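Notes for the one structure printed next.
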Amino acid sequence: MRCGICPRRCGAERTERSGQGLCGMPTTPVVARAALHPWEEPVLCGSGGAGTVFFSGCNLGCVYCQNHAISAENFGKAISIKRLREIFLELIDRGAKTIELVTATHFVPFILPALEEPLPVPVVYNCGGYESVETLRLLEGRVQVYLPDLKYADRELAAKLSRAADYFSVATAAIEEMFRQTGPCVIENGILKRGVLIRHLVLPGQMENTRRCLDWIAGRFRPGDVLVSLMSQYTPQPGAEGTLRRHVTAAEYRAAVQYMENCGITDGYVQERTSAREEYIPRFDLTGV
C-alpha cells in the first residue's frame, strides 16, 4: 500500500513485511512491550496499572524522545491481530484497568479487527497529537479515551524538534475530533471511562510555547470538558543541544503550573520533578509480546 495514514501522507510503500517513510514500519503491527504500567495518570491506572502496549515506529521523530529504541530504531516484534487481541485479554486478566495503545498511529487500519469486539475496560489511544482526522474517525466507537500530546504552539520549534512545522494546526484539529467522539470526561470509580486527557511536556527554556498551548486549551474547552496533564519529566537525550541539554528547572515548572491555574485549568495533573529519571522509562525487551 501507499501510505496516507498520518498527516504526512508520505505515500511510502508499506507491505506486511517492510515499510518506508518516517515511521519505517510494515503493515503488520510491531510491538516492543506489553505490560502493566503503574506510572500513568491515576485515572488510567487505578490500583492495577494501565495495560500498555508499546508499538514500534513513530510519525514524529522528536529529537528528545525517551523511547528512541522503538520510535527511531524500530526495535520490536511483528505479531498477528489474533496475538494482539490475546495480549489485551492477558493484561486485563492481570488487573489492567485500561488498555493503552501507545504510538499506534501508523497501524490504526490494521489493528481495527483486534478492537472490533468491545473490551471490558476502556481503550486508551496514547499518541503524540500529530494525527489525521480521517484516521481518527476509523477509531470512533472502538476507543473510549484519547490521550494526545499537545507539544507545540510554536511552528519553528515544532519544525526543529519534531520535523512537523504544521504540528499545532494538525494537533488542535485532531484533539477537537477526539472530543467530538468522546464528549466531556466521565470518571467512574476513579477510572476515566470516556473522554480526552491532554498531555503537555514542559521543555526547558520554552515557557512561551507552554503558555500558548495552555491558552489554546483554556480557550477551546470549558472546565470539566477535558483533563490536562502538565508534565515535568523531560529527560536530556544524547546529542541534545542548547537548553535541551538540561532538565526543566523547579522555577520553570512552578511557573508553568501557576500559569495553568491562572488559565482556569484545574481538572488534571501535575508531576513531581522526580519523574524526570531514567528508571521511569519502560524497558523495551519484548515483555508480554
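From a predicted model like this one, the values you see are computed outputs, not experimental measurements. Quick note: numbers below take in every heavy atom, side chains included, and nothing from hydrogens, waters or symmetry partners.
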### For the student: nearest non-hydrogen atoms of L214 and I265, plus distance
O-CD1, 3.8 Å
### Task
Would you mind reporting whether Q237 and V63 have side-chain heavy atoms less than 4.5 Å apart?
no
### Task
Ignoring hydrogens and angles, tell me if any N or O in the side chain of N209 forms a donor-acceptor pair with the backbone of D154 under 3.5 Å.
yes
### Task
Of all the heavy-atom pairs spanning R85 and L115, show the shortest one and how long it is.
NH1-CA, 4.4 Å
### Whether E13 side chain and M1 backbone form a donor-acceptor pair below 3.5 Å
yes
### Query
Under a 4.5 Å side-chain heavy-atom rule over Ile, Leu, Val, Met, Phe, Trp and Tyr, are L112 and V31 clustered together?
yes
#### Entry: Minimum-distance pair of heavy atoms, taken over all atoms of Y125 and V108
OH-CG2, 3.5 Å
### Flag for D166-Y130: side-chain donor and acceptor within less than 3.5 Å
yes
### Message
A side-chain contact here means heavy atoms from C-beta on lying under 4.5 Å apart; do L201 and Q233 qualify?
### Response
yes
### Query
Which heavy-atom pair separates T210 from A256 by the least distance, and what is that distance?
CG2-CB, 4.1 Å
#### Entry: Contact check, side chains of T249 and P204, non-hydrogen atoms, under 4.5 Å
no
### Query
Just by modelled atom types, is the L136 backbone N or O under 3.5 Å from a matching donor or acceptor in the Q181 side chain?
yes
### Message
Keeping H106 on the side-chain end and S56 on the backbone end, is there a donor-acceptor pair under 3.5 Å?
### Response
yes
### Message
Would Y152 and Y167 count as a ring-ring contact (aromatic ring centres under 6.0 Å, His included) here? Give the steps.
### Response
CA-CA 7 Å; Y152 314 107; Y167 178 90; 5.3 Å; yes
### Query
Does a salt bridge link E188 with R194, judged by any charged N lying under 4.0 Å from a carboxylate O?
no
### Query
Side chain of R212, backbone of A153: donor and acceptor closer than 3.5 Å?
yes
### Query
Tell me, do Y259 and L230 make a side-chain contact under 4.5 Å, heavy atoms counted?
no
#### Entry: Minimum heavy-atom distance G24-N74, with the two atoms named
O-ND2, 3.7 Å
### Message
Can a donor-acceptor pair be found, under 3.5 Å and without considering hydrogens, that links the side chain of T52 to the backbone of A35?
### Response
yes
### Task
Ignoring hydrogens and angles, tell me if any N or O in the side chain of E73 forms a donor-acceptor pair with the backbone of H68 under 3.5 Å.
no
### Query
For residues E134 and S132, is any side-chain donor paired with an opposing acceptor at under 3.5 Å?
yes
### Verify same cluster id: L150, V143 (apolar side-chain graph, 4.5 Å)
yes
### Query
Is the backbone of T27 close enough, under 3.5 Å, to the side chain of E16 for a donor and an acceptor to pair up by distance?
no
### Task
Indicate yes or no: does E177 engage R180 in a salt bridge with an N to O separation below 4.0 Å.
yes
### Pair K151 + D149, salt bridge at N-O below 4.0 Å
yes
#### Entry: Partner of I191 by side chain to side chain contact (heavy atoms under 4.5 Å, CB included), out of V43, T98, V145, V121
T98
### Message
Could you tell me if the side chain of D225 sits less than 4.5 Å from the side chain of R220, heavy atoms only?
### Response
no
### Query
Can you find a heavy atom in the side chain of L203 that is under 4.5 Å from one in the side chain of Y64?
yes
### Message
Donor-acceptor check, side chain of R199 to backbone of L147, threshold 3.5 angstrom: yes or no?
### Response
no
### Query
Does the salt bridge (Lys or Arg N to Asp or Glu O under 4.0 Å) test come out yes or no for E208 and R211, once each step is laid out?
CA-CA 5 Å; E208 179 58 25; R211 285 190 285 266; 3.2 Å; yes
### Query
Taking side chain as C-beta onward, heavy atoms only, is F107 less than 4.5 Å from L101?
no
### Task
Go through the steps for K97 and E40 under the test salt bridge (Lys or Arg N to Asp or Glu O under 4.0 Å), then give the verdict.
CA-CA 12 Å; K97 300 302 183 183; E40 300 290 65; over 6 Å; no
#### Entry: Contact check, side chains of V270 and R254, non-hydrogen atoms, under 4.5 Å
no
### Message
Let's go through D285 and R33 carefully: what are the C-alpha distance in whole Å and the side-chain angles of both, what is the deciding distance for side chain to side chain contact (heavy atoms under 4.5 Å, CB included) to 0.1 Å, and is it a yes or a no?
### Response
CA-CA 6 Å; D285 53 7; R33 179 180 175 87; 3.7 Å; yes
### Query
Quick check: does any side chain N or O of R14 sit under 3.5 Å from a backbone N or O of M25, one acting as donor and the other as acceptor?
yes
### Task
Identify the residue among Q258, Q271, H247 that makes a side chain to side chain contact (heavy atoms under 4.5 Å, CB included) with Y253.
Q271
